[in-house]
Amino acid sequence: MDLKKEELLLKIWEEEKRHISDPNNKPKYFITAAFPYPNSPQHIGHARTYTLTDIYARFYRLLGYNVLFPMGFHVTGTPIVTMAEKIKEKDESLLKVFENIYGIPKEVYEKLTDPFDLVMFFSKEIEEGMKRMGYSIDWRRKFYTSDPHFQRFIEWQFQKLYKKGLIVKGTHPVAFSLKLNSSVGAHDTKGDIDPEITEYTGVLFETPIGYLVTATLRPETLYGITNIWIRKDETYKVIEYQGKKLIVGNWDILKHQLPGAKEVGQISGEELLKLEAEVPITGKRVPIYHGDFVDPKEGTGIVMSVPGHSLWDYYEYSKISKEPYPVIIKIEDKESKAEDYFKSHGADPKKLQELNEEFYHLEFTKGFHVPLNAPVKEARELVKEKLKEKDSFITLYKISNGPVYSRAGDEVIVKVIENQWFIDYGNPEWKKKAKELLKQMKIIPEEMRSRFENTIDWLKKKAATRTRGLGTKFPFDKSQIIESLSDSTVYMAFYTFAHKITSYNPEQLTEEFFDYIFYGTGEPIDDLHKELRQMFDYYYGLDARHSGVDLVTNHLTFFIFNHAVLFPHKPPKAIVVNGSVLMEGKKMSKSLGNIIPLKKAIQQYTADVLRLTVAASTEIIMDANFSESTAKGVKERLEFYEKAFLNSEDGEKDDLDEWLEKKVQHYATLAYDHYRNYEIRKVTNLLFYELYKDLQWYMQRTNKRNFKNIAKIWATYLAPIVPFTTDYIYRELFNESVFDQTLPVFTQATFHHEEEFLRDLIEDIKQLLRFKKGKKLYIGIAKPWKFDVYKRLEKRDPIKTIIEEEPRAKELIKKLKNKAYTLTFPYERESLIRYLERHKAFIEKELGLKVEIGEEKEKYALPDKPELLIE
RNA sequence: GCAGGGGUAGCCAAGUCAGGUCAAAGGCGCCAGGCUUAGGACCUGGUCCCGUAGUGGGUUCGUGGGUUCAAAUCCCACCCCCUGCACCA
């Protein structure tokens, strides 16, 4: 199979309109894969999910289903916008990726400074690649999520969720760049670092002029406070927040985390030193000291001092005070003291930070909180609750893996967004419905199910809107845009009528309009409207959703949630999850530069070879390893089949032909079940690798090439995986398309074991000939009683009885060891001898020996291993 | 921390759910031979250890125990590795 033949077939399929689907009276099968985000060309990794989807689309067509396999493009979110901006800014690292990895010339990408130009450019690339791979997609139904008709559909979705009380409003911390004036994800930072947010407890200490705020990860230690650290050379702000006066440093950052807080004055550190502060909960009054080590840009610039349980505090405290301090945590009934830990670990002040972290971890995992009589883990939560009761804490945030810099160059901070809209996946009723739906669904592979269950459990409110990026405007606040994972949860329903709905003006697509289509409520506005409903009704209930394993904990779970409440009458039936693709054993990445663009790979290997290598060379959940050598191997083997089958004859049949035909039927029978169990590797194992050995043997045995019958079965069974090669062979041999056939199903799955016996025998003799040369070979078949013993063993007659009735069996069974318990033995003595006699000429020719067949002369023969005597 | 996945010969990797044809498929690498002017490709054989005119013996599947006539596979404990934890597609 070469590229030209593949391209010719693509044209033929196109002309024959093979992949468009409309409602008819056949049973339908609606299959989809997660649509691509067009911000890069496709590489062979992307091809995995789509190829698997296509394999099943084609498989179900061969079973007689009316299969719909559509595709669209996800044009939502910020990465595309950011990319366009980076092109405009001539961002060097991006330009390098374009040139070196994607192989896009400068003149082309330079112009892509508008996000939509980028989208069109890449989506065209991707579409061409998908077509070239032979994906049997109904392209009439293609849409972009930026299409106004689709956006009306998303508005419908959010109206519905809102009315069900599943859209809620609240505040939410995000990583934020002041320079970009936008929240930032990994793609907005230098070095693509994903900013991580940790929550701090801001504890409020009352003083006569307001509350001092300290930020801590260990609120439980406030039982051990001796003093407060500040810096005397710093100026602190007095702010008003939720009716209280608070004193904080680092205000430039913190003001973004305390919505509504107002600066009302300031106070110098020197002034603060004169005050005393009251520790909440305990009511203890503590002094305020200056500490050089206090970083005014860290937290609130005010630190609570717990010398008993912080190495820093101990170290600083011991410099200025000899007073004893409280120790409130025990480990295994012994006081856990920062001082002891420090001293027993070298007492090196340079290692203070490192040791302190170890010590924190130790106390957190093993410590026991004495005042609260609880493990530290629990005490922390208890303290938080108490603080909440006393109204003595505020929540603060920090970038924990910082400093992270935005691509504009400023340090990323945490900002608390007010009026943030959420989809409330934490809603217990909704969780319940999602779980019920999950229970009804088939999850492939089944091991993935628990992951879905867990995800449903821990999913909480999800921010559903953003201020920046492409997408549909949020219906309840038009200044916001629906976030991209939230607008792609039920879009599969849109495919069912995507090519027809464009006849309407977007304004006509009201909530009632969609209600009619999806629920049949209200009246149709015209005949087309009626037709849309019929199409939805015919196709929906998605039969299979294919996706990569990385989408399980997000997209696929949202998919379940949303279907559970929006389409409870048309539930999806199955989710099929596949692993990713490795490149020569390594993860593909831009930095490694080991990404092969799909188009380039097709030119090098052909679509069929890629399909088999990427999608069918390993089981569905495993990562497929793409390597040049495997791809080459696949290519050669495919060519072998093509050549062999195209040279088929239609001659007279003999033992050997019958054996081969039955063998292929046997493989087909097994392969059918493997397909249904999504065990594609097993399909190719049989029909691609095992059969190869059988064909080799056949060709060794005879010069005949009676392959027509097996080519027919072979092509039909492998057509889903390698559609080009199989259809080409089928058309050449039988003058029709393999895709007009129905998959032949065989019930009788036995084959001629005698032939296998002969094959093994030749193997054994060849082994023996390496030690011993001669001119004559005597093949001594085991005596009848030995065959009887084997037969009885196969029937699982008790070994004891067999030996009782045939004492000679004892030795025989002893030799077999464990095998005696599981023996399978499909041979009959008489027919075996007849078969060998019939093919004696072949054995003689093959070995260059004179052969005689008879009963064993010595007593070494076993029924499956004849005695071999060379003279 | 919480959740999930995994440790199999030099490497990759099947086998584990349903214990026994498992010294353990397949591939790569390596060794020997064939083919070839040579290299590559291809073909044949070998590749845990010992033995060998064949069908044998020993020791292996992260570690340590257990169940069983029988364990890579079942049970228990331990060690190690990887992934996800969100507003990001």
Side-chain angles (χ1 to χ4, degrees), chain A residues 34-40 74-80 82 172-175 183-188 192 194-197 361 364-365 377 380 417 420-423 425 446-455 457-466 469 482-486 488 548-555 557-558 579 582 584-585 587 617-619 621-623 625 627 629-630 632-633 636 681-682 684-685 689-690 693 696 763-774 793-794 799 815-825 860-862 864-870:
Chain A
F35 54 15
Y37 191 81
N39 72 339
S40 68
H74 196 198
V75 189
T76 310
T78 51
I80 295 177
T82 303
H172 186 59
V174 295
S183 57
V184 290
H187 55 273
D188 299 309
D192 279 350
D194 198 15
E196 286 165 26
I197 296 172
H361 186 251
F364 179 69
T365 50
K377 278 186 206 179
R380 180 169 299 175
I417 310 263
Q420 173 68 58
W421 293 86
F422 297 91
I423 301 185
Y425 292 124
E446 183 59 35
E447 298 95 285
M448 277 289 138
R449 184 180 296 277
S450 64
R451 237 157 120 176
F452 279 101
E453 279 164 0
N454 290 327
T455 309
D457 277 340
W458 62 246
L459 223 48
K460 290 180 283 200
K461 286 180 199 155
K462 161 149 180 70
T465 64
R466 296 203 68 170
I482 293 172
E483 174 273 333
S484 53
L485 286 180
S486 302
S488 58
V549 67
D550 51 321
L551 298 187
V552 169
T553 55
N554 44 74
H555 163 73
T557 304
F558 302 153
L582 301 177
E584 305 284 353
K587 228 175 165 171
S617 65
T618 183
E619 289 307 351
I621 195 58
M622 301 292 300
D623 287 345
N625 185 13
S627 72
S629 58
T630 36
K632 257 182 165 168
E636 271 155 25
R681 190 187 65 92
K682 290 186 179 160
T684 53
N685 243 359
Y689 294 103
E690 291 295 324
K693 288 185 211 159
Q696 294 282 349
E763 249 341 276
D764 281 355
I765 299 169
K766 279 188 175 168
Q767 281 284 336
L768 182 56
L769 284 174
R770 294 173 58 221
F771 298 102
K772 174 86 179 170
K773 302 281 173 217
L793 283 172
E794 201 189 12
I799 289 171
K815 261 190 182 172
L816 281 169
K817 292 197 286 188
N818 284 337
K819 290 175 199 167
Y821 294 91
T822 51
L823 190 74
T824 55
F825 190 67
Y860 301 123
L862 297 173
D864 54 348
K865 294 268 179 203
E867 178 182 87
L868 302 171
L869 300 171
I870 293 173

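In what follows, every chain begins at residue 1, and chains take the letters A, B, ... in the order their sequences are listed. These figures come from a predicted structure and were not determined experimentally.
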>> By the 4.0 Å heavy-atom rule, please label A/Pro36 as base, sugar-phosphate, or nothing.
In response: nothing

> In whole Å, what separates the P atom of B/U68 from that of B/U63?
Replying inline: 23 Å

Using atom names, set out every protein N or O paired with an N or O of nucleotides 12-14 of chain B below 3.5 Å, distance rounded to 0.1 Å.
from	atom 1	to	atom 2	distance (Å)
B/A14	O2'	A/Arg681	NH2	3.3

> Once you round it to whole Å, what is the distance between P of B/A25 and CD of A/Glu690?
Replying inline: 13 Å

So which protein N/O to nucleotides 42-47 of chain B N/O distances come out below 3.5 Å?
from	atom 1	to	atom 2	distance (Å)
B/G45	O2'	A/Arg770	NH2	3.3
B/G46	OP1	A/Gln767	NE2	3.4

> Do the side-chain N or O atoms of A/Ser484 get closer than 4.0 angstrom to the phosphate oxygens (OP1, OP2) of B/C88?
Replying inline: no

> What is the nucleic acid contact for A/Leu551, judged by heavy atoms within less than 4.0 Å: base, sugar-phosphate only, or nothing?
Replying inline: nothing

> Can you tell me if A/Thr557 uses its side chain to pair, donor with acceptor, with the backbone of A/Val552 under 3.5 Å?
Replying inline: yes

> What does A/Asn454 touch in the nucleic acid at a heavy-atom separation under 4.0 angstrom: a base, only the sugar-phosphate, or nothing?
Replying inline: sugar-phosphate

>> Using whole Å, what does the distance between atom C1' of nucleotide B/G5 and atom CZ of A/Phe452 come to?
In response: 15 Å

>> Taking B/U55 as the reference, what is the distance to B/A23 when you measure between their C1' atoms (whole Å, please)?
In response: 16 Å

> Contact class for A/Leu862 vs. all strands (heavy atom < 4.0 Å): base, sugar-phosphate, or nothing?
Replying inline: base

Close N/O contacts between protein and nucleotides 81-87 of chain B (under 3.5 Å):
from	atom 1	to	atom 2	distance (Å)
B/A86	N6	A/Lys460	N	3.3
B/A86	N1	A/Lys460	N	3.3
B/C87	O2	A/Lys462	NZ	2.6
B/C87	O2	A/Ala463	N	3.0
B/C87	O2	A/Ala463	O	3.2
B/C87	N3	A/Ala463	N	3.1
B/C87	N4	A/Lys461	O	3.4

